[in-house]
Amino acid sequence: LLSSSIDGQFTALTFHFGEGGSSYFHFGQALSDDLGLSWQTSVVMSETTLFRDINAAVMRMVGITMGAIVGLGLISSVLISALITIPLFRLANGMSQMAVLKLEDDEAKGSLLASRSKFLEVATCESSFVALERGLKAFVRYVPRDVVKMMLTGSMEVGSVMVRKVVS
């Protein structure tokens, strides 16, 4: 007998058998009626039987919680991936078009200018690309397109062939 509590006519006892052995719970209730009859009702249950439903509910809740955490983790990782890869994909397409001198007006290219990434690094790349594209558009106005294409593809080395002279 390890513990007991007596509350009026109700008794609850806990029994432990041996070192690391099974635990049993005894619940008893004394009953009597107006005719003078008295009864003692008793229920003895093992610990595993008594707590089986509680343990099953706890395990179910742990499973549901873990599933919710994993689900939220997957959803957030997909969302973050999309927030990074979509602007980078748009930027890569713009760079590919720039390499073959398919330069568009700022109004026509409004999607890249208007939608900035939520991540500082990607937004910095986007703004740098837009500035580069504007500079290349200005350069193409004064230099023949074929020369600019050769410079962009790397088939022509750019350098200065001018020599400084004094003008009088």
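Count residues from 1 along the sequence. We use all heavy atoms of the structure for the numbers below, so side chains are in, but hydrogens, waters and symmetry mates are not.
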Check side-chain hydrogen bond (donor to acceptor under 3.5 Å, both in side chains) between Thr49 and all other residues, then give those that pass, not counting sequence neighbours.
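So Thr49 forms a side-chain hydrogen bond (donor to acceptor under 3.5 Å, both in side chains) with Ser46.
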Quick one, Leu101 and Leu136 - any side-chain contact, counting heavy atoms below 4.5 Å?
yes
Value rounded to 0.5 Å, distance of [atom1] in [X] from [atom2] in [Y]:
X     : Y     : atom1 : atom2 : answer
Ile86 : Leu91 : CD1   : CG    : 13.5 Å
Ile54 : Met59 : CD1   : CE    : 14.5 Å
Arg90 : Met95 : CZ    : CE    : 12.5 Å
Met61 : Met66 : CE    : CE    : 13.0 Å
Ser76 : Leu83 : OG    : CG    : 11.0 Å

Return the set of residues passing side-chain contact (heavy atoms from CB on, under 4.5 Å) with Ile80 (not counting sequence neighbours), or none when no residue passes.
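Scan of Ile80 (side-chain contact (heavy atoms from CB on, under 4.5 Å), adjacent residues dropped) gives Ile84, Phe119.
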Find out if a path of hydrophobic residues (ILVMFWY) with successive side-chain heavy-atom gaps under 4.5 Å connects Leu72 to Val62.
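Leu72 does not cluster with Val62.
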Over all atoms of both residues, closest heavy-atom pair of Ala82 and Pro87:
O-CD, 3.8 Å
Arg145 side chain to Val140 main-chain N or O, any donor-acceptor pair under 3.5 Å?
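Not a single qualifying donor-acceptor pair exists.
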Applying ring pair (Phe, Tyr, Trp, His ring centres under 6.0 Å), can you list everything that pairs with Phe51, at least two apart in sequence or on another chain?
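Testing Phe51 for ring pair (Phe, Tyr, Trp, His ring centres under 6.0 Å), a comparison that skips the adjacent residues, returns Phe25.
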